Student: 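Following this message is one structure expressed as structure tokens.
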Amino acid sequence: MDESDRTPKNLAATAFFQMTGVGVSSEEYLSVLNPEQKEAVKHSGSPLLILAGAGSGKTRVITTKIAYMIDELGILPWHILAVTFTKKAAAEMAERAKHLSPNAVKSHIRTFHSFGSWFLRLYSSNAGIDPNFTVYDDDDMVTLLLKAVPSLNRQQASFIAHKISLAKDYCLTPDSSELSTIESSPEFPVYYAAYEKKLRQTGNVDFGDLIMLPVLMMEADESVRTDMHSRFQVVLVDEYQDSNVAQFKLLQQLVGEKTYVCVVGDDDQSIYKFRGAEVQNILTFHECFPNTKIIKLERNYRSVSPVLTVANDMISNNTQRLGKELVAVREKGKKPTVIFLPAQKDETKLCADMIEKAHKGGCPYSDWAILYRTNAQSLGFETEFLHAKIPYTVVGSLKFYQREEIKDLLSILAFVVNQKDEIAFRRIINKPARGVGGVTQDKVVLNAPNHDLLEGCRLFSSSMSKKAKTGVLEFVAFIDGLISDIDVESSEPGKLSELVDIIIKKSGLGEYHSNQDEIAGTQRLANMQELVNSAVLYNKNRSGLLEFLDHIELDRTLELQNQEDNQDAVTLITLHNTKGLEFPRVIITGLEDGIFPRKDKTEEELEEERRLFYVGITRAKDELYLTSCGLRQLYGRTEYMKVSPFLLELDPKHIDVVGKPPLEFKTLCSDTQEPNTQQGRLASFMENHPELAELADKWKKGRKVYHDDWGYGLIVQTNLDDNCSDYDDEYVINIQFESGSLKKIMPKYQSHSLMLIKD
DNA sequence: CAATTCGGGATCTGC
DNA sequence: TCCCGAATTG
């Protein structure tokens, strides 16, 4: 360590680290950064925009910056607010910052929505919402809207609900004059207003409110604004390219005269326009925040150069960009492979085969990720992998929390904390069937004093049919029991999981769901049990329950335990969900016109699809495969698919091709390179993979071998034989052993146990 | 009021 | 294909 660097602060920090035994010295964590990264970390004073390309060490820069501000600039950790978009990203950021500087745990590292939730609970009285509010998701919004505007059918309601959340993403209230830019129909403001009225009656909020309400409050109330300004001296925003207008306004409000603001993002990775993300936020940041310093991070540490070449090729087809070219730090590497397959089933089979072969050769399952455009595409892979006994994790498909049985339980919990919650009430009052139908429910909802639905049940039970009366009173007694359960004053409240367990048994939902379907019922019970398990961390009292509901609503990534248990598993994931992730080997599937890009896209939307493809490509560290099928099951039908226009945009020189390319693709290649057909395979394989030639030369058909486990054998076939149907571009040989078994082996990975026998 | 059946319509991405 | 809602029936 340079003696001259021992500033007083530095000494203090060093002393602290010695004391706690954790953390890294600032010299150390700064020394691993490149000059631009270091500049970004050390910058202070004016607003800062970091344009960080994929894999450019963005997270490292942010976390180091947090640590640096605490250790070197003497900023108190709780004066730092860092917001991200996903809980996963927030958790990772917190973890890495803590590793660099233990004090970082005291800083506010949150998602936008959890910040909003925290803010609204802090000021719930000002906002006119229930301090015990829960958050309604999209499905709840639709249900609520249907109740607010009964003339709508479900389809219309979900369309309008989507528009309402979009309006909130743009921070537009029902009386806003700009509302027509979201939806021009004259009824829309009326529907929106009716929805808002209904929502405020329940005391709850939707996702859009978590951002919009804090903005409106800060805009209207100076004392709230100054309170925030004194709480946070530093505001950092990650993935800024995906922020929406409401989030931009939130940032504007949070940044006072003395606040240091720093945003990080990549315009080429903006993929959430459909949900209100506004690329303009990042493109015009420097205009909104005067004297902005812009730092570009263009060195990519993640992907091998051939992968990055293809990524750069692809994104250069977009017109709406700031302009940025990633430079690979990792020079050597394999060209991405485009694989053309006859049908969907071949795609799943191919993936399974590739993964399994690599696994036999020592490559862990977790190295692989299968990317697809829509969640529905995961099903084929799940079936195939189950069959092939390949462990896998599906990221974010039918999310745990939105399964019917889970939503039922959560609705009971939500109703226990807030008896004005109409959505929860309607969901659970007659489930299992208690003879309480829509008519009875309406009577309660419309006449309940102060919208207290439980009180409504009590008051009107006498005027109900005998059957309904029994059911309603049974329900009231059940909920009353739960309420008194959590309101018991005790220094040792017990665990919330006990309460969830009781609910499953006493509500009859456990029985109800397990009787619904013999096979699925078991799974549903297991899911409910999983909710019990996750509640074990919370106290069995009102505040514990609130924390739990908050956690569930804002963390949409809760996965099933059995999936988490399996560390070594292939990742099945939508392209959108891969934001911020990386994998050694990536397969992007379904590259067909209409699937990816999805059909009916405007030119502008096509650019977003292309950015999505770019995001997918840049997830790959070492190997990238792109698959495209000729036939696919669609809407229950088998359809002929055209190749994705994105594949036609690729430079044939920068990729390898396996399988039978469709005509369009061949035409494209004809003047540059003859694509690999079945006949030309051997030659082109050799050309593209010199290392294969070496292997193929050694492990020739007809040679005798000895294997440690299987004994003596004869190489009877290789996958470079022209009649072989394997698509793989590894060198694979078939060996007939004397013991009788026929094995497929990759010599590349078997050098330790397989040897040639001289004739 | 609940269970069953039938037909139409959708099917993207997600905090 | 599958899911949802309207219509029909018990």
Side-chain angles (χ1 to χ4, degrees), chain A residues 83-90 110-117 135-139 141-143 146 152-159 162 165-166 168-169 205-212 238-239 242-244 246-247 250 270-277 371-380 395-399 401-402 404 429-441 464-471 516 552-557 573-579 590 594-601 605 608-609 611-613 615-616 632-639:
Chain A
V83 286
T84 66
F85 280 82
T86 65
K87 192 125 178 168
K88 198 169 183 174
R110 296 175 164 274
T111 65
F112 261 111
H113 289 90
S114 92
F115 172 80
S117 180
V135 184
Y136 281 150
D137 68 13
D138 293 5
D139 289 338
M141 282 183 78
V142 174
T143 315
L146 278 170
L152 297 172
N153 66 34
R154 200 168 184 87
Q155 218 178 320
Q156 295 165 322
S158 61
F159 176 81
H162 177 245
S165 54
L166 212 52
K168 292 193 176 186
D169 286 342
V205 299
D206 57 28
F207 271 98
D209 285 339
L210 291 178
I211 311 297
M212 184 170 82
D238 190 16
E239 305 280 11
D242 283 321
S243 62
N244 59 37
Q247 286 158 337
L250 185 66
S270 172
I271 53 175
Y272 284 108
K273 180 77 193 279
F274 71 93
R275 132 189 143 194
L371 277 49
Y372 36 77
R373 179 64 176 75
T374 66
N375 275 312
Q377 287 165 260
S378 76
L379 190 64
V395 176
S397 57
L398 223 209
K399 273 162 220 112
Y401 82 98
Q402 67 180 121
E404 184 188 351
I429 178 82
N430 200 30
K431 200 172 187 179
R434 294 185 184 87
V436 186
V439 184
T440 315
Q441 293 173 21
M464 290 170 190
S465 71
K466 206 172 190 180
K467 205 162 145 196
K469 185 178 173 181
T470 323
Q516 286 282 300
I552 294 282
E553 269 316 324
L554 299 176
D555 178 13
R556 316 199 122 209
T557 58
I573 190 168
T574 62
L575 282 143
H576 281 90
N577 260 321
T578 61
K579 186 162 86 166
I595 299 287
F596 189 27
R598 262 197 81 76
K599 60 167 175 254
D600 304 329
K601 291 287 179 186
E605 288 170 326
E608 176 145 317
E609 294 277 304
R611 288 194 292 268
L612 186 58
F613 190 32
V615 167
R632 184 171 290 275
Q633 304 297 124
L634 228 50
Y635 311 117
R637 282 234 141 91
T638 303
E639 306 265 2

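Proteins get letters first, then strands, A, B, ... in listed order; numbering begins at 1 in each. Because the structure is predicted, anything quoted here is derived from the model rather than measured.
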Student: Consider the side chain of A:T86, meaning its heavy atoms from C-beta on, and name the nucleotide among B:dT13, B:dC15, B:dC1 that approaches it most closely.
Tutor: B:dC15
Student: In whole angstroms, how far is the P atom of B:dA10 from the NE2 atom of A:H162?
Tutor: 16 Å
Student: Rounding to a whole Å, what distance do you find between A:I211:CD1 and B:dG14:P?
Tutor: 18 Å
Student: Look at the side chain of A:D169 and the base of B:dC15, then say whether one donor and one acceptor between them are separated by less than 3.5 Å.
Tutor: no
Student: Going from CG on A:L612 to NZ on A:K273, what distance comes out if it is rounded to the nearest 0.5 angstrom?
Tutor: 15.0 Å
Student: Kindly confirm whether the side-chain ring of A:F274 is stacked on the base of B:dT13, judged by centres under 5.5 Å and planes under 30°.
Tutor: yes
Student: List the residues meeting ring pair (Phe, Tyr, Trp, His ring centres under 6.0 Å) with A:F613, not counting sequence neighbours, and say none if there are none.
Tutor: A:F596, A:F646
Student: Nearest-Å distance, CZ (A:F613) to C1' (B:dC12)?
Tutor: 17 Å
Student: For A:K599 and B:dT13, what is the distance between atoms NZ and P respectively, to the nearest whole Å?
Tutor: 13 Å
Student: To the nearest 0.5 Å, how far apart are CD in A:E609 and CG in A:L575?
Tutor: 9.0 Å
Student: Strictly under 3.5 Å: I want the nitrogen or oxygen pairs between protein and nucleotides 2-5 of chain B, one per line.
Tutor:
from: B:dA2; atom 1: OP1; to: A:N430; atom 2: OD1; distance (Å): 3.4
from: B:dA2; atom 1: OP1; to: A:N430; atom 2: ND2; distance (Å): 3.3
from: B:dA2; atom 1: OP1; to: A:G435; atom 2: N; distance (Å): 3.0
from: B:dA2; atom 1: OP2; to: A:N430; atom 2: ND2; distance (Å): 3.1

Student: Report which part of the nucleic acid A:Q155 touches: base, sugar-phosphate, or nothing (heavy-atom distance under 4.0 Å, all strands).
Tutor: sugar-phosphate
Student: Checking A:T578 now: which residues fulfil side-chain contact (heavy atoms from CB on, under 4.5 Å) with it, not counting sequence neighbours?
Tutor: A:L371, A:I573, A:V615, A:R619
Student: To the nearest 0.5 angstrom, please state how far the NZ atom of A:K168 sits from the CD1 atom of A:I211.
Tutor: 11.5 Å
Student: Whole-Å distance between B:dC15 C1' and A:M141 CE?
Tutor: 12 Å
Student: If you assign A:H576 and A:A468 each to the DNA chain B nucleotide with the nearest heavy atom, which residue ends up on the more 5' nucleotide?
Tutor: A:A468
Student: Just call it for A:F112: base, sugar-phosphate, or nothing, with non-hydrogen atoms closer than 4.0 Å on any strand.
Tutor: nothing
Student: How many whole angstroms separate atom CG of A:D139 from atom P of B:dC15?
Tutor: 14 Å
Student: Does a side-chain heavy-atom distance below 4.5 Å link A:V135 with A:H113?
Tutor: no
Student: Taking the P atom in each of C:dC4 and B:dT13, what is the distance between them to the nearest angstrom?
Tutor: 15 Å
Student: Check side-chain contact (heavy atoms from CB on, under 4.5 Å) between A:Q377 and all other residues, then give those that pass, not counting sequence neighbours.
Tutor: A:Y372, A:R373, A:T374, A:T589, A:I595, A:R632
Student: May I have the distance from A:Q156 (atom CD) to B:dA10 (atom C1'), rounded to whole angstrom?
Tutor: 15 Å
Student: I need the CD-C1' distance between A:Q441 and B:dC1, as an integer number of Å.
Tutor: 11 Å
Student: What class does the angle between the rings of A:H576 and A:Y272 fall in, given that below 30° is parallel, 30 to 60° is tilted and above 60° is perpendicular?
Tutor: tilted
Student: For A:T638, which residues count as a side-chain contact (heavy atoms from CB on, under 4.5 Å) partner, sequence neighbours excluded?
Tutor: A:L631, A:Q633
Student: Looking across every strand, which nucleic acid part, if any, lies under 4.0 Å from A:T440 by heavy atom: base, sugar-phosphate, or nothing?
Tutor: sugar-phosphate
Student: Please compare A:F85 and A:R373 by the position of their nearest nucleotide in DNA chain B and report the one closer to 5'.
Tutor: A:R373
Student: Is A:N375 close enough to B:dC12 that one of its side-chain N or O atoms is under 4.0 Å from OP1 or OP2 there?
Tutor: no
Student: What string of B, S and - do you get for nucleotides 1-10 of chain C, 5' to 3', if B is base contact, S is sugar-phosphate-only contact and - is no contact with any protein heavy atom under 4.0 Å?
Tutor: B--SS-----
Student: Heavy-atom distance under 4.5 Å between the side chains of A:Q441 and A:N430, does that happen here?
Tutor: yes
